[in-house]
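The structure under discussion appears below in the form of structure tokens.
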There are 2 protein chains.
Amino acid sequence: MDTAFRALAEPRRREILKLVWTEELPAAQIAARFDDVTRSAVSQHIGVLKAAELIVERRDGTRRLYRANHTQMDRLRQFLDEYWTGSLQRLQHLAESAEREKGTTDG
Amino acid sequence: MDTAFRALAEPRRREILKLVWTEELPAAQIAARFDDVTRSAVSQHIGVLKAAELIVERRDGTRRLYRANHTQMDRLRQFLDEYWTGSLQRLQHLAESAEREKGTTDG
DNA sequence: CCATTTAGTTAGTTGACACTTACGTTAGTT
DNA sequence: AACTAACGTAAGTGTCAACTAACTAAATGG
């Protein structure tokens, strides 16, 4: 989770992720989109995105094709959602505790 | 945007954010929840969350009360959503370009 | 085998980040 | 004014991340 958020914190990695969102691309073609950074840097970014499971790799001879892992991205959205649902659940627990409290003090 | 993602990448900050999600809390009470870190460190985390506009501050005498900024959190979810809608739009643009291409070569 | 293409890896530098300790600041209290 | 409570801020340290340059590895073709 930490890994995924930290990976997305880097603008360059977000761009890479968008590039491989709809189409599968080899590292060279990804690197070619950036003129102010070396292939090595892009390769390392890809490594970070791969570690965060935001992209997946498919090998084809000497080439390695990358594409976004939509599932992981969806998981992040769900995590953000939990901030709402999670807090609602906590409120519900509080309410239930209050109910029990009433019962114990009563009997 | 970078700031917000980087702020969320830290587990401690995510905990702080959850603490002030439903209730407004002073710094001291937030710091009291953690026994393995100093008040100063918590204060700095709060500073990062504030810079990312994930929490807002309200002053009351010598105390400063914090609460989560739900709007900013919603913005992050929308950003993640754009990865889908955005790519759909790009596909649509491609389709439209192809249509125009047909027209120009034709006439 | 040798050269080429495609891509990952390592070494080293620079800058950012999390943390602690110590100090400064503002609002109440006596 | 002096004291206390509740915070933030500055300085210093260890660790991690991003980047470049140079090297290595695997597949392909003569």
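So that the names make sense, note that chain A is the first sequence line, chain B the second, and so on, each numbered from 1.
- Contact record, A:Gln29 with A:Arg33: O-CG, 3.4 Å, taken as the closest heavy-atom pair.
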Using distance only, find each side-chain donor-acceptor pair of residues 4-13 of chain A under 3.5 Å and give its atom names and separation, not counting sequence neighbours.
{"from": "A:Arg12", "atom 1": "NH1", "to": "A:Asp36", "atom 2": "OD1", "distance (Å)": "2.9"}
{"from": "A:Arg12", "atom 1": "NH1", "to": "A:Asp36", "atom 2": "OD2", "distance (Å)": "3.3"}
{"from": "A:Arg13", "atom 1": "NE", "to": "A:Ala7", "atom 2": "O", "distance (Å)": "2.8"}
{"from": "A:Arg13", "atom 1": "NH1", "to": "A:His45", "atom 2": "ND1", "distance (Å)": "3.1"}
{"from": "A:Arg13", "atom 1": "NH2", "to": "A:Arg6", "atom 2": "O", "distance (Å)": "3.3"}

Check: residues 50-59 of chain B side-chain donor-acceptor pairs under 3.5 Å, at least two apart:
{"from": "B:Lys50", "atom 1": "NZ", "to": "B:Glu57", "atom 2": "OE1", "distance (Å)": "2.6"}
{"from": "B:Arg58", "atom 1": "NE", "to": "B:Glu24", "atom 2": "OE2", "distance (Å)": "2.8"}
{"from": "B:Arg58", "atom 1": "NH2", "to": "B:Glu24", "atom 2": "OE1", "distance (Å)": "3.0"}

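- Using a 30° and 60° split on the angle between ring planes, A:Trp84 and B:His70 fall in the perpendicular class, above 60°.
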I'd like a list of close polar pairs between nucleotides 24-30 of chain C and the protein, N/O only, cut-off under 3.5 Å.
none

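- Atom CZ of A:Arg67 is surrounded by 12 or fewer heavy atoms from other residues, nucleotides or ligands within 6.0 Å.
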Pairs: protein N or O with nucleotides 14-17 of chain C N or O, under 3.5 Å:
{"from": "C:dC17", "atom 1": "OP1", "to": "B:Arg6", "atom 2": "NH1", "distance (Å)": "3.3"}

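- B:Arg14 has its side chain within reach of A:Asp2: a pair of non-hydrogen atoms, C-beta onward, lies under 4.5 Å apart.
- Chain B approaches DNA chain D within less than 4.0 angstrom (heavy atoms of the protein), and the contacting nucleotides run 5' to 3' from D:dA6 to D:dA10.
- Linking Ile, Leu, Val, Met, Phe, Trp and Tyr residues whenever their side-chain heavy atoms come within less than 4.5 Å places B:Tyr83 and A:Leu49 in a single cluster.
- With hydrogens and angles left out, the side-chain atoms of B:Gln78 and B:Arg75 include no donor and acceptor closer than 3.5 Å.
- With contacts defined as side-chain heavy-atom distances shorter than 4.5 Å, the pair B:Met1/B:Leu76 qualifies.
- Contact of the B:Leu19 side chain with the B:Tyr66 side chain is not registered, since no non-hydrogen atoms from C-beta on lie closer than 4.5 Å.
- Within a 6.0 Å sphere centred on CZ of A:Arg39, heavy atoms belonging to other residues, nucleotides or ligands number 12 at most.
- C:dA18 atom C1' lies 14 Å from atom CG of A:Asp2, rounded to whole Å.
- Near DNA chain D, meaning a heavy atom under 4.0 Å from it, residues 44-53 of chain A has A:Gln44, A:His45 in order of number.
- Note on A:Val42 and A:Val48: separate hydrophobic clusters, where clusters join Ile, Leu, Val, Met, Phe, Trp and Tyr whose side-chain heavy atoms are under 4.5 Å apart, directly or indirectly.
- A donor N or O paired with an acceptor N or O is found under 3.5 Å between the base of C:dT9 and the side-chain atoms of A:Ser40.
- Among the protein residues, B:Ala27 comes within range of the sugar-phosphate backbone only, with heavy atoms under 4.0 Å from sugar or phosphate atoms but none that close to a base.
- Regarding contacts with the backbone of C:dT20, a side-chain N or O of B:Thr38 is found under 4.0 angstrom from either OP1 or OP2.
- Heavy atoms of B:Arg39 sit under 4.0 angstrom from at least one base atom.
- Per the geometry, CD1 belonging to A:Ile16 stands 14 Å off C1' belonging to C:dA7, to the nearest Å.
- Nucleotide C:dT30 is matched to D:dA1 when pairs are restricted to Watson-Crick or G-U wobble geometry with both distances under 3.5 angstrom.
- B:Ala27 and B:Ile46 get closest at one heavy-atom pair: CB-CD1, 4.1 Å.
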